[in-house]
Amino acid sequence: MSQLMNKSIVFVSRPVGMPSMDNFEFREAPVQAPAEGQVVVRSIYLSVDPYMRGRMSDAKSYVEPYRLNEVISGGIVGEIVESKSDQFKPGDKVIGMLGWQLYNVVDAKLVRKVDESIAPLSAYLSVLGLTGLTAYFGLLDIGQPKAGETVVVSGAAGAVGMLVGQIAKIKGARAVGIAGTDEKCAYLVNELGFDAAVNYKTADLDKALAEACPNGVDVYFDNVGGPVSDAVMNLLNDYARIPLCGAISSYNTTDADVGPRIQTKIIKTRSLMKGFVLGDYASRQQEGMVELGKWLSEGKLKYEETVIEGFDHVIDAFLKLFEGANLGKMLVKVG
């Protein structure tokens, strides 16, 4: 392993507002030989996700912040190239929360095998991974959509949002997506089977949502927060359910995020609003993967990926998330 050179992305400063290249540094060093019980994983696909922006702040949150002068970590699918564990052999494909680097030397217990015969490797970072499971548990456990109800999802052309709408349809609900371009809205309706989609950047949002949701909103799966969510709140039906998955509209703001006060609307409609993270469902992840895999094999779920080529473009891919440049899951193909 000492003959292999590693390249890593180190977090060197905390961003104020939008992150930039200055917050990261590429470093090179020889790959260390694995100890007993360890494996060497060569990165193939690397995931970039909006939640990572929160970990770049040192504010208290549900997950530990990234530490300065350490390698950034995230979801990675890779190949075992050397093993000192009887659980794995060279050539095995695995997934884990690993460092943003070409090679990771880790304890074998930190990765698990994935089966390329079931789905492409990249799918384990999207529809069969964090994003698919987030959509599955957030919608079904908190949203609990019923046949005939209206489910609205913001960030609907993103990796989580597009699956939320499709799962809502599987459960017999009406799916309405909110996205940022006409092309994305057309994709949601024409390709994924959403009943309606609204372009929040060009539409009169209140009017367009009212037309798309003539019977009000029973479930609102919130990925973005901000003015988009303020508009949806005006349409809540009695006993609506609101899974709070993300608030990407405010992740890079430097001022306090202010807006309409929603307490009165929640009280009047007796709605449930609940934040969640995937870790809440750690003991049930196998259940989610089985169901998602079944729907995928039956052709009931489609998914999209925006794949950026090359390890040197990882930071570019991460920053593009906040421009809405991706359709579906944003991934970097390392090799």
task = Would you check if the side chain of N223 reaches a backbone N or O of C245 as a donor-acceptor pair within less than 3.5 Å?
result = no
task = Evaluate whether atom NZ of K113 has more than 12 neighbouring non-hydrogen atoms of other residues, nucleotides or ligands under 6.0 angstrom away.
result = yes
message = Donor-acceptor check, side chain of D141 to backbone of F137, threshold 3.5 angstrom: yes or no?
response = no
ask   = Counting only N and O atoms by type, is there a donor-acceptor contact under 3.5 Å from the side chain of R67 to the main-chain atoms of P65?
value = no
ask   = P34 versus V39: any side-chain heavy-atom pair under 4.5 Å?
value = no
request  = Measure the spacing between CG of L296 and CE of M289 and express it to the nearest 0.5 Å.
outcome  = 10.5 Å
ask   = What is the minimum heavy-atom distance between V164 and L139, and which atoms define it?
value = O-CD2, 3.4 Å
request  = Looking only at non-hydrogen atoms, find the nearest pair between A212 and A196 and report the distance.
outcome  = CB-CB, 4.0 Å
Side chain to side chain contact (heavy atoms under 4.5 Å, CB included) evaluation trace for N69 with R27 = CA-CA 11 Å; N69 298 308; R27 296 180 185 174; 3.8 Å; yes
inquiry  = Is there a side-chain contact between Y66 and M52 in this structure, where contact means two heavy atoms from C-beta onward sitting under 4.5 Å apart?
reply    = yes
task = Ignoring hydrogens and angles, tell me if any N or O in the side chain of Y103 forms a donor-acceptor pair with the backbone of Q32 under 3.5 Å.
result = no
query = Just wondering, do S47 and I76 contact through their side chains at under 4.5 Å, heavy atoms?
reply = no
key: Heavy-atom closest pair, residues G177 and L188   = CA-CD1, 4.3 Å
request  = Kindly say whether S126 contributes a backbone atom to a donor-acceptor pair with the side chain of T131 at under 3.5 angstrom?
outcome  = yes
ask   = Is there a donor-acceptor pair closer than 3.5 Å between any side-chain N or O of S271 and the backbone N or O of I266?
value = no
query = Do the side chains of V332 and Y45 get nearer than 4.5 Å, heavy atoms only?
reply = no
ask   = Can you check side chain to side chain contact (heavy atoms under 4.5 Å, CB included) on D230 and L205, steps first, answer last?
value = CA-CA 10 Å; D230 295 339; L205 196 52; over 6 Å; no
key: Shared hydrophobic cluster, M21 / W100 (ILVMFWY, side-chain heavy atoms < 4.5 Å)   = yes
Atom pair CD (E36) and CG (D86), whose distance is rounded to the nearest 0.5 Å = 9.0 Å
ask   = Does D49 pair with K329 as a salt bridge, N-O distance under 4.0 Å?
value = yes
query = Stepwise, does the side chain to side chain donor-acceptor pair (under 3.5 Å) test hold for Y281 with E287?
reply = CA-CA 10 Å; Y281 299 96; E287 166 204 331; over 6 Å; no
Straight-line distance of D92 CG to S85 OG, nearest 0.5 Å = 10.0 Å
ask   = Where is the tightest heavy-atom contact between F88 and A108, given as atom of each residue plus distance?
value = CE1-O, 3.5 Å
request  = Going by the side-chain contact (heavy atoms from CB on, under 4.5 Å) test, name the single residue among V111, L121, L125, I44 that passes it with I95.
outcome  = L125
request  = Would you check if Y187 and E304 make a side-chain contact, meaning some heavy-atom pair closer than 4.5 Å?
outcome  = yes
query = Short question: side chain of R112, backbone of G96 - any donor-acceptor pair under 3.5 Å?
reply = no
ask   = Rounded to the nearest 0.5 Å, how far apart are CD of Q144 and CG of D218?
value = 12.5 Å
note = Residues passing the ring-ring contact (aromatic ring centres under 6.0 Å, His included) test with Y200, sequence neighbours excluded, are none
request  = Decide yes or no for I142 and F221: does some side-chain heavy atom of the first lie under 4.5 Å from some side-chain heavy atom of the second?
outcome  = no
request  = Could you note down all residue pairs passing side chain to side chain donor-acceptor pair (under 3.5 Å) where residues 15-24 supplies at least one of them, sequence neighbours left out?
outcome  = S13-N23
query = Hey, are the side chains of Q285 and L278 touching, using non-hydrogen atoms and a 4.5 Å cut-off?
reply = yes
message = For a 4.5 angstrom cut-off between non-hydrogen side-chain atoms, does F318 reach P19?
response = yes
request  = Locate the shortest heavy-atom distance separating G99 from V71; write the atom from each residue and the value.
outcome  = CA-CG1, 3.8 Å
task = For F26 and E28, run side chain to side chain contact (heavy atoms under 4.5 Å, CB included): C-alpha distance rounded to whole Å, both residues' side-chain angles, the deciding distance at 0.1 Å, then the answer.
result = CA-CA 7 Å; F26 286 84; E28 294 187 2; over 6 Å; no
key: Spacing of CG belonging to D195 relative to CZ belonging to R174, to within rounding of 0.5 Å   = 5.0 Å
task = Ignoring hydrogens and angles, tell me if any N or O in the side chain of K302 forms a donor-acceptor pair with the backbone of E191 under 3.5 Å.
result = yes
inquiry  = Tell me if a side-chain donor or acceptor on N6 pairs with a main-chain N or O of L102 at a distance below 3.5 Å.
reply    = yes
remark   = Output for pair (S122 OG, Y124 OH), nearest 0.5 Å, gives 10.5 Å
task = For the pair S8 (side chain) and V10 (backbone), establish whether a donor and an acceptor sit closer than 3.5 Å, ignoring hydrogens and angles.
result = no
task = Can you tell me which residue pairs pass the side chain to side chain donor-acceptor pair (under 3.5 Å) test with a partner in residues 145-155, sequence neighbours excluded?
result = E149-R241, S154-Y220, S154-D222
query = Between the side chains of N326 and K320, is a donor N or O closer than 3.5 angstrom to an acceptor N or O?
reply = no
ask   = Any salt bridge between D312 and K7, counting N to O under 4.0 Å?
value = yes
inquiry  = I'd like to know whether I262 forms a side chain to side chain contact (heavy atoms under 4.5 Å, CB included) with M273, so could you lay out the CA-CA distance, the side-chain angles of the two residues, the decisive distance to 0.1 Å, and finally the verdict.
reply    = CA-CA 11 Å; I262 62 171; M273 175 183 281; 3.4 Å; yes
ask   = At their closest point, which heavy atom of A240 faces which heavy atom of V217, and how far apart are they?
value = CB-O, 3.7 Å
query = In this structure, are over 12 heavy atoms from other groups packed under 6.0 Å from K207 atom NZ?
reply = no
